[in-house]
Number of protein chains: 2
Amino acid sequence: MSRTFSAPHLVNPETRSRVLACAEHLGYRPNRAARALITGRTHNIGLIVADIANPFFPPLIKAAESAARHRDYHIFVTDTNEDPAVEEELVHALAKQVDGVLLCSPRMSNSLIEQLSREVPLVVINRQVTGLPSVVMDVGQGARLAVEHLTALGHRHIALLGGPRGSWTSREIRRAATAAARAADAELTVLGPNQPTEHGGTGQAEHVLRLGATAVLAYNDLMAIGLIEGLDSLGVRVPEEVSIVGIDDISLSRLTRPKLTTVANPTGAAGRAAVDMLLQHGDDRRTTAQVTLQTELVIRDSTGPAPTGKPHTVKE
Amino acid sequence: MSRTFSAPHLVNPETRSRVLACAEHLGYRPNRAARALITGRTHNIGLIVADIANPFFPPLIKAAESAARHRDYHIFVTDTNEDPAVEEELVHALAKQVDGVLLCSPRMSNSLIEQLSREVPLVVINRQVTGLPSVVMDVGQGARLAVEHLTALGHRHIALLGGPRGSWTSREIRRAATAAARAADAELTVLGPNQPTEHGGTGQAEHVLRLGATAVLAYNDLMAIGLIEGLDSLGVRVPEEVSIVGIDDISLSRLTRPKLTTVANPTGAAGRAAVDMLLQHGDDRRTTAQVTLQTELVIRDSTGPAPTGKPHTVKE
DNA sequence: ATGAAAGCGCTAACAG
DNA sequence: CTGTTAGCGCTTTCAT
C-alpha cells in the first residue's frame, strides 16, 4: 500500500510495519520519478553553472546543497562550459525532472532566459532579468571600492581585465569601475573580453605592460592570479611595479604569493538565498523579488603604492 | 502524435511538420520523466563526488560530461560532503532518475556499495569492489615512484600524511609507500587519518617537524599545499629543509611557490572511461571490467636533496 | 501511415 | 482505516 510511504500517519501502525517488512524483504523502493509525475513535485533542484572548475562556484554549490537538504530537496549540478547553447539545452533537459532551476552566471540573452522561465521556475544568480527572481552580489560596489583603493594608493592609470562576452557581472564591473575612475580623475582602460580563467589573465600580461598601467582590476581572481604569473615570468614584480586586484575571494587567493587583494563575494549566502527564493514562492511565478548581497574589499599583498614617487602618492 | 518525437522516420513528413508547428505554437516539450517511466531510459547519469570543492574532481566531471554529451546523455553531479550517510541517500535519490551512477571516491563500506548496485547500475571510481565495474588510477604505483624519488634524494625518514577514513586510495598509497620505503631501507611514519583539505595538511606541520622526517608524501595536493603553508609559517623552508610530494596534480600545484612535485592522476581519462563502461554494458550487470589507469611522477620544486647535518628545531 | 488502447509506478479521490 | 479506481504524460502494440 502506497500510503505507507506517502502518508504514514494515516495508516494503522500494525499494517504499516507489515508493509514495511514486506517492502524490505522485496527490496522495494518508491520510484521518485513516477511519484513526481502525479504530485508535480520532484524534490530536486537543478543548478546550472558556467564552469565547475572555477573555484568561485563550489562554495555556492555547497551552500545551496545544504539549504536544499534541510528542506528535503536535492541539488543536481550541471556544467555548461561557458557555452550559451549548452545552457539552453540543459534547462530543457532538467525542466521536468526538477522543481526549479538555479541559473548561475548565465551567458545567454535576457529574452531567452525569460522564455525558458515559462517552461520551469527559474532563479537567476549573478544577473538581473526583469520579471524574474534573482540573487546578485553587488559587484559594482566592489569594483568601486577596488578602484578607490587603487587611486588612493596613487595609481593614475588602471587597466580593467574584462570578463567573457555575455556576462552581466562583467558589464556591472565595467560600469562601476569607469565611474569610480572618472570620479578620481584617473584613466581606466578596458581590456577584453577574456576567458575568465588563469589563462585569460596570463595572456594579457604583455598587453598591460605595453599600456603603461600601474594597476589592474581583474574580472575574477583566477584571471588576477594568471596575470600575476604572466607578469612574474616577464620579470615584473607585484605589487612593487604593478598592483593587482581580483574579484571573488576564492580560497586560492589566500595561497598565492603575493596574497591577492580582492573583492569578497558572499557566495554561500547567494546559494542559500537562491534556494530559499525558489522554494518559498513555489508556483507563484509572478514573484520577482530581487536580492542584492553586499560585497567587501579584502586588502592583502598584491596592491601597493604606485611606483615612481609622484607627489600625490598616498601612503596607506 | 507522439511518434513525431519518438520515431520521426515512421511518420508522414507533412503530418510531421504540421504536428511540429502546432507543438511550437503551444510551447510543447516532451516530458522526459514520463518518457523514462515507460522506456526505462532517462538519458541521465548521476555522478556522486566526495567534495566538489576539491580541485581534483572538476577535470573528471568535465570529461565525464563531455563523454556523456557525445552519447546524448546528461550528467547530474551531487556532493556528499565526505559523508558516507549522504552518499547512500544520494544513490537512493538518484536511483530511478538516472540510468546509472558514477560513484567517485566513495567512503562507504564495500557491502553497502554492493547492495546499492542492485538498485541502480553503478560504476565505482577510485576504488575496487569485487563484482562491480570500476575505474581506478594506479595511485599505488605513483606512491612507489614518489618514495623512490625521495629515497634517491637521500631521505631516510619519510612521513606519510594519510587521507580520510574509509578511503580506498589512502589504503593503497599506504600499502605501496610502506613497501617502497622498506625496499629502500628507509623509515616511513604514517600520520592520520586526516581531512583531505589544505587544513588537514596545515594541521600536521608541527607534527611532521617533531617527528624529524625530512620528506613528506601527502594523500593529495591540497594537503601538501596546506603543509607547505604550515611549515612556512613555522619558518621552515621547502624543499631546503623538508621535501614534499603531493598526489593528483591539480592545476593549483603549478601555481604555488615552490611548485609542487606530485603524482599526476589521469582524471580526465577516468571520467571518460567510467561513462563508457556504464553506457557500454547497458543492463548487463554481470560485467565487472576493472580498468586501471597509469599515474606518473611530476617532479617540480618542492623536493630536493635531504638536508645534511643538524636536524631542524621547532620554534615555540 | 495513423488512430486507439494499454500500461509504466505511482498518488489522489472516493468508497466501503 | 483500507481497498479500489482513475489518470499523471508518455511509448508501445495492435487495429485500421
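Bear in mind the structure is a predicted one, so any value in this text is a computation, not a measurement. Naming: A, B, ... by sequence-line order, numbering from 1 per chain.
Evaluation of atom-type donor-acceptor distances gives a pair under 3.5 Å for the side chain of Arg3(B) against the base of dG3(C).
Considering only side-chain N and O atoms, Thr15(A) lies under 4.0 angstrom from the phosphate OP1 or OP2 of dT2(D). Distances shown here put every side-chain N or O of Ser6(A) at or beyond 4.0 Å from the OP1 or OP2 atom of dA12(C).
With contacts defined as side-chain heavy-atom distances shorter than 4.5 Å, the pair Leu102(A)/Val275(A) qualifies.
Distance from the side chain of Asn12(B) is smallest for dT2(C) among the nucleotides dC10(D), dT2(C), dC10(C). In this structure, of dT11(D), dC10(C), dC8(D), it is dT11(D) that holds the atom nearest to the side chain of Arg35(B).
Residues Glu172(B) and Arg175(B) are paired through a salt bridge, judged by an N-O separation under 4.0 Å between the basic side chain and the carboxylate. Between Asp276(B) and Arg71(B), at least one side-chain nitrogen of the basic residue sits less than 4.0 Å from a carboxylate oxygen of the acidic one, meeting the salt-bridge criterion.
Between Ile38(B) and Leu10(B), the one whose closest nucleotide on DNA chain C sits nearer the 5' end is Leu10(B). Residue whose closest nucleotide on DNA chain C sits further toward the 5' end, between Glu14(B) and Ala34(A): Glu14(B).
Atoms CZ (Phe5(B)) and P (dT11(D)) sit 9 Å apart, rounded to a whole Å. Separating the CG atom of Leu37(B) from the C1' atom of dG9(D) is a distance of 9 Å, rounded to the nearest angstrom.
Considering every non-hydrogen atom in both Glu82(A) and Asp51(A), the closest pair reads OE2-CB, 4.0 Å.
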Can you run through DNA chain D from 5' to 3' and write each base as (, ), [, ], | or . depending on how it pairs? Watson-Crick or G-U wobble, both distances under 3.5 Å.
||||.|||||||||||
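Listed by first and then second residue, the side-chain hydrogen bond (donor to acceptor under 3.5 Å, both in side chains) pairs that reach into residues 20-29 of chain A are Arg29(A)-His92(B), sequence neighbours excluded.
Within the nucleic acid shown, Arg16(B) has no heavy atom closer than 4.0 Å to any nucleic acid atom.
Expressed to the nearest 0.5 Å, how far CE of Met108(A) lies from CG of Leu103(A) amounts to 4.0 Å.
Atom P of dT5(D) sits at a distance of 15 Å from the matching atom of dA6(C), rounded to the whole Å.
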